[in-house]
Each structure stands twice: as structure tokens, then as C-alpha cells.
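I have placed the structure first, in the form of C-alpha cells, so that the comments after it can refer back to it.
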Amino acid sequence: MLIGLLTAVAASICYGTGSVLQAVGSRRAARMSPTAAGVTAHGGPNLSSTAKAAMTWEFIVGTILDFVGFGLGALAARLLPLFLSQTVISANLVITAVLSVKMLGIRLTRKEWTSIGVVCTALVLLATAAGHEGGHHAPMSTHWWLLGITLLLMVGGTVAVRLLGGGAAILAGLLSGLGFGALGVGVRILNGVDPFDLGTFLTDPALYAILVAGIGGMYLHTVALQIGSVNGATAALVVGETVLPGAIGVLWLGDASRPGLAWLAVLGFVLAVAGAVAVAWYGKHDGAEQEAEDPVPAAVS
């Protein structure tokens with residue numbers, strides 16, 4: 001349990017730092033572009049503008065940290081209940097918010113700091129209540145369903161954010177979170193890992209669900225960072241990558257809390273999600289992020 005928790009915390013730090021670096025790169029690329037360049041007819045970023053953002057050194061370093069975080073998160077998903085591993089990893093919201101103060105010049109409100117405190121408290125409750133992880137086996141039909149739903153979410157989400165344009169930041173963050181949640185489920189049920197069997201590993205639909213979810217989730221998260229609040233987009237991502245995989249782990253994979261502490265696990269989970277939603281809400285409406293008022297990055301990134 002301790003190794004799994006430390007692994008999940010390390011993954012959270014990597015993801016949180018990577019998100020802020022990617023936001024820095026995205027916004028720097030936006031400021032260097034003409035006002036009308038790189039957008040769709042609906043005001044959202046096109047593939048060209050996203051590619052330019054991805055070529056900045058900040059974004060590249062952030063992406064490397066994401067890959068490191070992915071490896072650590074995959075290990076945590078095999079060692080911990082999904083409702084704990086995914087929630088701890090998604091606490092990168094705290095890292096993102098704190099680093100954004102320094103690196104993005106963002107001023108967090110008292111309400112946002114309070115919400116971050118709620119998330120941290122919830123993680124302590126979850127870690128206290130969590131029991132051992134359930135099994136790694138799921139029927140093959142589940143593997144195929146996971147691949148199909150992941151494809152639908154990632155492809156449909158990409159089309160939706162291009163049509164909705166600049167107003168799709170929270171949607172893009174939520175869909176990227178659902179993608180990362182599907183990735184966590186896929187890692188948990190992936191066949192051919194223990195013991196390792198290359199043939200079984202390569203023919204498992206869950207492997208391809210992981211690839212689609214990882215690539216699609218990263219793209220949608222990049223778009224969310226380009227067109228909206230970094231804290232708001234990350235908070236929406238938190239909701240997507242915790243609620244669904246946590247429920248799947250409990251209902252179908254046998255994840256459980258310690259005897260007599262189910263109520264504490266439920267309380268911690270609800271508080272974690274509520275705290276993340278609060279950060280998204282207050283970050284969107286209280287004007288905590290000064291850069292969000294700059295029309296140039298919002299229009300062209």
C-alpha cells in the first residue's frame with residue numbers, strides 16, 4: 001500500500017508540473033501568433049496552432065513529465081484501488097494551482113485555496129479508508145467495450161471542441177479526464193502483464209484503449225489549456241478521471257475500503273470531487289486567473 005501511495009503521489013507531481021509547463025508553452029505560442037491565425041471558424045484552436053504549442057520547450061518538458069507520470073500512474077493503478085490511485089493522481093490539481101501562481105502569474109482567491117484544502121483533506125480520508133485493490137481480471141467483452149467507448153469519447157470530443165470553439169474548455173478538460181480514467185481502467189485489466197505474455201499483451205483490446213485514451217486525452221487536455229482557465233480545465237479533468245474509474249473499480253473489479261470505513265471512503269471521494277469542482281467554478285467566475293482576461297491568448301491559442 002505504501003509503495004503504491006508513494007508512486008501515485010510522484011505521478012501527481014509529474015502531471016501537475018507538466019500541466020503548468022504545457023500551459024506556459026501554449027500561451028507563449030499564442031502570443032507569438034497573429035490574432036486571427038490558428039483558429040477554426042468557431043474560435044477554437046486548429047491542429048496547426050496546437051502543433052505550434054507542442055513545439056515549445058516548455059510543452060516538450062511538460063510532455064516528458066506526463067510520460068513519466070503515466071508510467072508511475074500505471075504502476076499505482078495495479079497496486080491500489082482505483083478510487084484511491086486515480087484520486088491521488090488527480091490531486092495534481094493542487095500542484096498545478098500552486099505552480100501557476102509563480103509560473104503563470106495567476107492570483108488564486110481565498111475560495112480557491114479553501115477548495116484546494118478540501119481536496120487535500122479528502123485525500124487523507126481516502127488513504128485512511130482504502131483497503132486492498134481488487135482483481136485484475138475482467139471478461140473479454142469488457143475489454144472490447146472499453147475500447148469502443150474510449151474511441152467514441154475521444155473522437156466525438158475532438159469534433160465537439162472544434163465546433164464549440166472557445167467555450168469548450170471545461171468540456172475538453174472533462175473529456176480528457178474521462179480518457180485518462182479509461183486509461184487507468186485499461187491498465188488495471190490489461191492481460192499479459194503478470195506473468196508477461198507478449199502475444200496476449202498485443203492482442204488485448206484494452207492495450208489499444210490505453211493508447212487511444214492516452215493520445216486523445218493528451219490532445220483534449222492541450223486544447224483545454226489553450227482556450228481556458230488552467231485550473232478550471234484541470235479541475236474538470238479531475239472529475240472525469242476519478243468518478244468513473246472509481247465506480248468501475250468498486251462495482252466490477254472488487255476494490256474495497258477497510259472494514260467499517262466505507263463511509264469514510266465515500267466521504268473522502270465526494271469531498272475530493274466537490275473540491276475539484278469548486279476550484280473549476282471559482283476559477284471561472286471569480287477572475288482569479290489574470291491571463292484569462294487577455295483576449296489574445298484566448299482567441300488564437
Side-chain angles (χ1 to χ4, degrees), residues 7-33 38 45 47-76 86 88-106 108 116 154 157-158 161 169-170 172-177 179-181 183-184 210-211 213-238 240-241 276 279-280 283 289 291-292 294 297-298 300-301:
T7 303
V9 169
S12 180
I13 293 172
C14 288
Y15 279 133
T17 306
S19 290
V20 175
L21 286 173
Q22 288 168 340
V24 171
S26 296
R27 296 182 181 193
R28 184 163 69 85
R31 287 192 296 267
M32 295 171 62
S33 300
L47 292 176
S48 175
S49 66
T50 302
K52 288 179 181 178
M55 292 305 294
T56 61
W57 73 263
E58 297 97 338
F59 199 97
I60 292 172
V61 174
T63 300
I64 292 173
L65 286 174
D66 278 344
F67 279 111
V68 174
F70 166 75
L72 294 170
L75 180 59
Q86 294 301 113
V88 172
I89 292 170
S90 68
N92 65 73
L93 169 67
V94 176
I95 307 298
T96 299
V98 172
L99 288 180
S100 66
V101 173
K102 178 68 175 178
M103 299 182 68
L104 294 175
I106 292 170
L108 300 181
I116 289 170
M154 297 300 98
T158 299
V161 297
I170 299 300
L174 178 62
L175 289 172
S176 67
F180 293 138
L183 188 153
I210 291 169
L211 295 175
I215 295 171
M218 185 171 293
Y219 169 73
L220 289 172
H221 186 44
T222 301
V223 172
L225 292 175
Q226 287 182 280
I227 62 179
S229 156
V230 60
N231 290 328
T234 305
L237 182 149
V238 165
E241 74 175 339
V279 173
E289 298 195 16
E291 287 195 11
D294 184 348
V300 305
S301 58

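- Residue I215 holds its CD1 atom at 12.0 Å from CD1 of I210, rounded to the nearest 0.5 Å.
- Distance check, rounded to the nearest 0.5 Å: CG of L220 to CG of L175 gives 6.0 Å.
- What you find for G217 and M154 is that their closest heavy atoms are N-SD, 3.4 Å.
- Here the shortest heavy-atom pairing between I89 and G73 reads CD1-CA, 3.6 Å.
- Here the side chains of F59 and L21 are not in contact, with every heavy-atom distance at 4.5 Å or above.
- Scanning both residues, A10 and L72, for their nearest heavy atoms gives CB-CD1, 3.7 Å.
- A donor-acceptor pair under 3.5 Å is absent between the side-chain atoms of S12 and the main chain of A8, judged by distance alone.
- Considering only residues two or more places apart in sequence or on other chains, L174 meets the side chain to side chain contact (heavy atoms under 4.5 Å, CB included) condition with A236, V239.
- A side chain to side chain contact (heavy atoms under 4.5 Å, CB included) with C14 holds for exactly one of V9, V68, I95; it is V68.
- Nearest heavy-atom pair, E241 versus Q86, reported as atom, atom and distance to 0.1 Å: O-NE2, 3.1 Å.
- Residues M218 and F180 approach most closely at N-CZ, 3.7 Å, considering heavy atoms.
- Between G173 and A224, the shortest heavy-atom distance links the atoms N-CB, 3.7 Å.
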Quiz item: Going through the checks in order, is the side chain to side chain contact (heavy atoms under 4.5 Å, CB included) test met by Y15 and L65?
Solution: CA-CA 6 Å; Y15 279 133; L65 286 174; over 6 Å; no

